[in-house]
Amino acid sequence: MTLDFGLVALDIISSWIRMILALVLSILFALAVGIWAARSKRAEAVILPLLDIFQSIPILAFFPFVIFAIYGLPGSVLHNFVGANLAVIILIFTSMSWNIAFGVYEAVKAIPQDYIDLLSVTQASSWQRIRSLYIPASMSRVAYNTQISWAVGLFFLAASEIISEGQGGAGEQIPIPYGIGVGAAAFPPASADYALLIAGIVVAVVIWRYLFLRAFALWSEKFKMMEEPRDVHRDPITRFYSYVNHRAVSKLFLIAHGMGVSRFTSTITRFRRGLKYAVLIFLLLIALLLLSALSHAGGVNLGGLPSWSEVVTDELGILYALGVSFVRVWYVYAICVAIGLPLGIAISLNFKLYDAVSPVLEVISSVPAPILLPVIVLIPVLGGSSEAVAALVIMLAIIWYIIFNVMAGVRTLPADLKDLPNVYRTGRLAAWRNVYLPGALTGFVTGSITAIGGAWNALIIAEYFNPLGSSVPLTEVGSGIGKAIAIATNSADYLTLTLAVASMTALIVGFNLVVWRRLYNRVTKRYTYNR
Amino acid sequence: MKGKTALSERQVEVAAGTVVVTVDHVNLDYHKEKEPLPVLTDVSLTAVKDQLVAITGPSGCGKSTLLRIISGLVKPTSGRVRVLDSEVKGPRDDISIVFQNFVLLPWRTALENVLFGLSSRKDLTDEQKNRKAESALEIAGLQGFESVYPGELSGGMKQRVGVARALAGDPRVMLLDEPFSSLDDLTAERLRREMHTLLISPQTSVQSVILVSHNVEEIIELADKVIVLSSRPAHVVGELKVDLPRPRNKKSDEFFQWVDRVYSLLS
């Protein structure tokens, strides 16, 4: 057997080029939208809730529509190599940009009034303000958030490349010949080429991390204008994950500050505003269903729109699958909490362990879980159980959010607080119950929100994996919304796809607003450490 | 006032004039990469019964680190710390700290925060712990605030919870790490005035207080003895016995002379 170094290299380079293009696009978008929202009250009122919604919906589920809209439309000028790649890049872009946009928004919002007054006094033009103040002030946030966005983006890159392979089953092959997702789907699992691909990805991740992401973060430090509390023991991951943590907290409260209302009332208003959007989405969905049903009943055939009964029965099947997936997401999440929460706390309480373990975790966490699926299927302990395979893939995709956010939460606790159990020799149990667990809680909830979101995305790969469109899929769970979406995508069944994606989105957005947001507000109120 | 007898049980053990805290030729080096970086060199001091000893020095000189060595939280590279006759080898029941930033658990009530300071006391029943905690809060001037969370308290009151927590376990030695510098001037003034009478009184078990502060007026107002440290690596550059009568008048000429004396050692 000969190793195909050239092909593996081509896969990695193609993927990286897509990622870099998406990143550039994301940063430009984030600067524009973030600065706009921060400097205009009216823009802020529209942009923030939208960013919030986009951040929580399962973007991956929309990929088939993106592919269809850009590449698949009959007679499209983009029905070629460019269009296919554009669809992938747009998907990665949508996964990366919200996070960076929030960072820019907060950075600009946090610029001390004195600086803005200074520019007013010197009568700087808008463009001068943007160039000389807003962009530099956002730079360090952009750099930190880029590190997170990159890891998230890799997941979406791999997943979308795999999905676009699968679409070949429905019709012609989509012209994405190279990519890490393509490689993972095409190389036989347990082959030397596949192993080489994984090794190549790890090397690429490490090189990229240290040559670019870290350098970018360090370079951007010089733009920091405000004194920020510095950890005694600072390293890039602590800083950026503590930043995620901090971002989520400040997201809620900085806005209050900017609006000049009390924190509490503003949180309530934001909650109400968010609710309005959720209702809007629900209404849109219902309208969509009604429209399709009515048009059929009225004898108007708008190009094969489905009958009402079809909609209902499909939707019922989808609701069942959604229920199964809901349970799946939550039990896997529970396992991740049981492992990640104590692990995260234990690691960050011990300096030596922290220094030894965190770079390793950092690298493992950046290998996108979908890439590993072909080899996970072969793990003997799982006994070929598709449920176990799905659980493990989801776990590998999300456990990092919990571990890293918990680590960041514990590390930002002041040293004196961590010494407290020592001063009073309280014993381990009392220390965990009174200090470490409550201290980690804010980070834990932030991490949980992201983890649950990630789990819904991971379902689409984890529940059904059949990239080459063979008659026997590599793995396939009994039922699940991810499976429904994957199969509908492969067979170009846009009705089922629409219903599945819409119900899933509605469930997630609704759940976020009703459960997470409230929980988050309660937790940050009491469990944020500020003296 | 039922808690008082319990709180003062350690008070009677020691005769006046006994040395309570001894810091004996303490050195501390940080080990950064290759070379040891000296932080404290040959620091010695004592605190006798009912004395409040203040440690001051330029900022970043290692005052707080010295306090952490006395508490047993940080191990010195060489030298020893003794409380009465026993060597301090780690944190222990009879030494407590009050921190600059209070370090309260925001997710626990005032009473629970004080109780947390009693977690290691296996010799007490829950009911006894509750009584002790309540009376410590009362002594610190927080009666009626038992079930309030720290976030709902003002800075001065938070620090009172910190003091109550430190007092509840009947410590012999009370270490104060810049306890007033996070407070606004008026609050600090009031708390400072109460602190000396509160700590050095038969009402509590405290036999010696060691205060770290960079506020020279505060030091002259409170201290019986002042230890002045040099900048890094810190060593003792002066030791002054402040024999101003109490209560001390901060506007008197003598007071300013003492303040000047400390300043001249600092510069």
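Naming convention: chains lettered A, B, ... in sequence-line order (proteins, then strands); numbering from 1 in each chain. What you see is a predicted model; the values in this text were computed from it and never measured. As a basis for the values below, the full set of heavy atoms in this structure was taken, side chains included, without hydrogen atoms, waters or symmetry mates.
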In Asn113(B), Val103(B), Ile97(B), the residue satisfying side chain to side chain contact (heavy atoms under 4.5 Å, CB included) with Leu420(A) is Val103(B)
Does CD in Gln113(A) sit with more than 12 non-hydrogen atoms of other residues, nucleotides or ligands closer than 6.0 Å? yes
Is the count of non-hydrogen atoms from other residues, nucleotides or ligands lying under 6.0 Å from Asp123(B) atom CG greater than 12? yes
Residue from Gly90(B), Ser119(B), Ser71(B), Ser120(B) scoring the most non-hydrogen pairs under 4.5 Å with chain A is Ser120(B)
Side chain / backbone / both / neither for Phe99(B) at chain A, heavy atoms under 4.5 Å: side chain
Sub-4.5 Å side-chain heavy-atom contact between Leu104(B) and Leu417(A): no
Over 12 non-hydrogen atoms of neighbours within 6.0 angstrom of CG in Asp117(A): yes
Specify the closest pair of heavy atoms between Arg433(A) and Arg108(B), including all atoms of both residues, with the distance to one decimal. O-NH2, 3.0 Å
Of the listed Asn434(A), Leu429(A), Thr426(A), the one with the largest count of heavy-atom pairs under 4.5 Å with chain B is Asn434(A)
Contact class of Arg68(B) relative to chain A, heavy atoms under 4.5 angstrom: side chain
So which atom in Arg92(B) and which in Arg425(A) form the shortest heavy-atom distance, rounded to 0.1 Å? CA-NE, 3.5 Å
Taking the side chain as every heavy atom from C-beta outward, state whether Asn101(B) and Asp416(A) have any pair of such atoms under 4.5 Å apart. no
Should Pro91(B) and Tyr424(A) count as side-chain neighbours, where that means a heavy-atom distance under 4.5 Å? no
Part of Glu152(B) within contact of chain A (heavy atom distance under 4.5 Å): side chain
Neighbour count above 12 (heavy atom, 6.0 Å) for Tyr333(A) OH: yes
